[in-house]
Amino acid sequence: MKIALLGYGKMGKVIERIALERGHEIVLKKDEFNTYEGLSTADVAIDFSVPTAAVDNISNCFHANVPVVSGTTGWLEHYDEMIALCNEKKGGFISSSNFSLGVNIFFGLNEYLAKIMNQFDSYKVSMEEIHHIHKLDAPSGTAISLAKGVIENSNYSEWTLDDAKNNQIHIEAKRIGEVPGTHIVNYDSAIDSIEIKHTAHNREGFALGAVIAAEWLAGKTGIYTMKDVLNLN
Ligand SMILES: NC(=O)C1=CN([C@@H]2O[C@H](COP(=O)(O)OP(=O)(O)OC[C@H]3O[C@@H](n4cnc5c(N)ncnc54)[C@H](OP(=O)(O)O)[C@@H]3O)[C@@H](O)[C@H]2O)C=CC1
Ligand SMILES: O=C(O)C1=N[C@H](C(=O)O)C[C@H](O)C1
């Protein structure tokens, strides 16, 4: 399979290694300065860039008729625009805040726990995410997805980085050293607390998940999620 890499930073380089190990060919490595030359020859594109580049990268894929897997976080305000363009161009699209198998299992656990905890007013939910100091966005896309998972299964209505009021979920975003990505969901009461935690030991899981998603999406049109790829529906 011919793959275009849109973003060739920490993630792009791990994705390249895993893609080559799985027998794929890289036909474009797009960074801030080069062009999209080669994109139209790709079977699929994988975007792990920066929040300000994601919309251009994804749009160019739809215009070039190349299905695209996007892992870039911090551009959610343009999500509906990209969905509309995908539908208009009959493109193929998977976007996920986290492509690792472990976090996708953790998302399911989070939703299940939220349903249970919604019956017990004495517990208050909060979240913590810890990432490396180079990260541009806060809170992490994964923390936002976890908050949405709670909101869809409880009486909470929004998340905040500030102190939480009423039906708000507080997210604490910490930036420490080279931490690849840690997420904690905590339910606290005066008596005890219940906590679930996912710790990434490195970037392998994110990158492998993105390559598996690209293999799955190539040749398809439509809008999908990692639940479709991993058969978690
Ligand atoms: N969904 C998931 O599973 C995961 C998502 N992420 C997300 O992926 C993104 C990338 O992470 P990471 O690799 O660590 O970040 P890096 O900063 O290491 O890499 C970002 C890359 O994007 C490049 N870039 C900048 N402008 C453009 C542009 N216009 N077109 C294409 N590329 C461009 C940068 O190029 P240059 O070097 O020239 O500046 C750099 O190579 C982040 O948003 C992060 O949150 C990260 C891990 C997992
Ligand atoms: O920037 C990162 O590194 C990561 N970003 C994603 C996010 O914002 O959730 C996924 C992962 O936690 C690593």
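Since we're looking at a predicted model, the values are computed, not measured. Note that ligands are numbered from 1 as they come in the structure, with each ligand's atoms numbered from 1 the same way.
Under a 4.0 Å criterion applied to the non-hydrogen atoms of G7, ligand 1 contributes the atoms 22 (O), 31 (C), 32 (N). Near T142, meaning under 4.0 Å from any of its heavy atoms, are these atoms of ligand 2: 7 (C), 9 (O), 10 (C), 12 (O). Taking every heavy atom of S140 and a limit of under 4.0 angstrom, the matching atoms of ligand 2 come to 7 (C), 8 (O), 9 (O). Against a heavy-atom cut-off of under 4.0 Å, T72 is close to the following atoms of ligand 1: 8 (O), 43 (O). Residue N98 approaches ligand 2 through these ligand atoms, each under 4.0 Å from one of its heavy atoms: 10 (C), 11 (C), 12 (O). Of all atoms in ligand 1, listed by their number and element, those nearer than 4.0 Å to a heavy atom of K135 are 45 (O). Per-residue contacts place G141 under 4.0 angstrom from the following atoms of ligand 2 (heavy atoms of the residue considered): 7 (C), 8 (O), 9 (O). Atom numbering of ligand 2 starts at 1 in the shown order; those under 4.0 Å from a heavy atom of S97 are 6 (C), 7 (C), 9 (O), 10 (C). Counting atoms of ligand 2 from 1 in the listed order, those under 4.0 Å from a heavy atom of H183 are 12 (O).
Contacts of A210 with ligand 1, taken as heavy-atom pairs under 4.0 Å, are absent altogether. Contact annotation: for A54 versus ligand 1, there are no heavy atoms closer than 4.0 Å. Contacts of Y8 with ligand 1, taken as heavy-atom pairs under 4.0 Å, involve the backbone alone. When heavy-atom distances to ligand 1 are checked against a 4.0 Å cut-off, H134 has no atom that comes that close, whether in backbone or side chain. Counting heavy atoms closer than 4.0 Å to ligand 1, residue N57 contributes side-chain atoms (C-beta onward) but none from N, CA, C or O.
Taking atom 17 (O) of ligand 1 as the reference point, the nearest protein heavy-atom neighbour is K10 NZ, 3.7 Å. Ranking protein heavy atoms by distance to atom 12 (O) of ligand 2, first place goes to H131 NE2, 2.6 Å. For atom 44 (C) of ligand 1, the closest heavy atom belonging to the protein is T73 OG1, 3.7 Å. Nearest non-hydrogen protein atom to atom 4 (C) of ligand 1 is F48 CE2, 3.4 Å. Shortest contact from atom 29 (N) of ligand 1 to any protein heavy atom: A53 CB, 3.3 Å. Protein heavy atom nearest atom 3 (O) of ligand 1, with residue, atom name and distance: F99 N, 2.9 Å. The protein atom (non-hydrogen) at minimum distance from atom 10 (C) of ligand 1 is S49 O, 3.0 Å. For atom 25 (C) of ligand 1, the closest heavy atom belonging to the protein is V50 CG2, 3.6 Å. Nearest to atom 37 (O) of ligand 1 among the protein's heavy atoms is D31 CB, 4.9 Å.
When side chains are defined from C-beta on, F120 does not count as touching Y187, because their heavy atoms never get closer than 4.5 Å. In this structure, E152 and K115 have side chains that are not in contact, with every pair of non-hydrogen atoms separated by 4.5 Å or more. Side-chain contact between D228 and W216 is present, with heavy atoms from C-beta onward closer than 4.5 Å. No side-chain heavy atom of I15 sits less than 4.5 Å from a side-chain heavy atom of R203. Proximity of W159 to I144: side-chain heavy atoms (C-beta onward) are separated by under 4.5 Å at one or more points. Considering only heavy atoms from C-beta on, N186 comes within 4.5 Å of S126 through its side chain. Side chains of H78 and I58 form no contact here, defined as non-hydrogen atoms less than 4.5 Å apart.
Across K135, M11, E129, heavy-atom proximity to atom 1 (O) of ligand 2 is greatest for K135.
On a distance-only criterion, H132 and ligand 2 share at least one N/O pair closer than 3.5 Å. Taking only nitrogen or oxygen atoms, main chain and side chain alike, M11 reaches within less than 3.5 Å of ligand 1. Considering both main-chain and side-chain atoms, G9 comes within under 3.5 Å of ligand 1 through a nitrogen or oxygen pair. Between G71 and ligand 1, at least one N/O pair is under 3.5 Å apart. Residue Y36 has no N or O atom closer than 3.5 Å to an N or O atom of ligand 1. Looking at ligand 1, you'll find an N or O of S96 within less than 3.5 Å of one of its N or O atoms.
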Legend entry - Evaluation steps, side chain to side chain contact (heavy atoms under 4.5 Å, CB included), between V229 and I212: CA-CA 8 Å; V229 176; I212 289 172; 4.0 Å; yes
Inset, instruction - Verify side chain to side chain contact (heavy atoms under 4.5 Å, CB included) between V179 and T199, making sure each step is shown before the conclusion. - result: CA-CA 9 Å; V179 174; T199 308; over 6 Å; no
Legend entry - side chain to side chain contact (heavy atoms under 4.5 Å, CB included) assessment of L5 paired with E16: CA-CA 8 Å; L5 294 180; E16 177 185 38; 3.8 Å; yes
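Under the 3.5 Å distance criterion, the side-chain polar atoms of N57 are left unmatched by any main-chain donor or acceptor of N60. Formation of a donor-acceptor pair under 3.5 Å by the N98 side chain with backbone atoms of F206 is not found in this model. No donor-acceptor distance shorter than 3.5 angstrom exists from the side chain of D56 to the backbone of A53, with no hydrogens or angles considered.
No hydrogens or angles considered: a donor-acceptor pair under 3.5 Å links the side chains of S70 and D47.
For atom 7 (C) of ligand 1, the nearest protein heavy atom is under 4.0 Å away.
Other residues, nucleotides and ligands contribute at most 12 non-hydrogen atoms within 6.0 Å of the CD1 atom of I191. Counting non-hydrogen atoms of neighbouring residues, nucleotides and ligands closer than 6.0 angstrom, the CG atom of D192 exceeds 12 such neighbours. Within 6.0 Å of the NZ atom in K220, the count of heavy atoms belonging to other residues, nucleotides or ligands exceeds 12.
The closest approach between any non-hydrogen atom of G74 and ligand 1 is not below 4.0 Å. The shortest separation from a heavy atom of P180 to ligand 2 is under 4.0 Å, placing the residue in contact. Not a single heavy atom of K10 sits closer than 4.0 Å to an atom of ligand 2.
The aromatic rings of H131 and H183 stand perpendicular to each other, their planes meeting at an angle above 60°, with 30° marking the opposite boundary.
For the side chain to side chain contact (heavy atoms under 4.5 Å, CB included) with E128, the qualifying choice from T182, I184, I171 is I184, the only one to do so.
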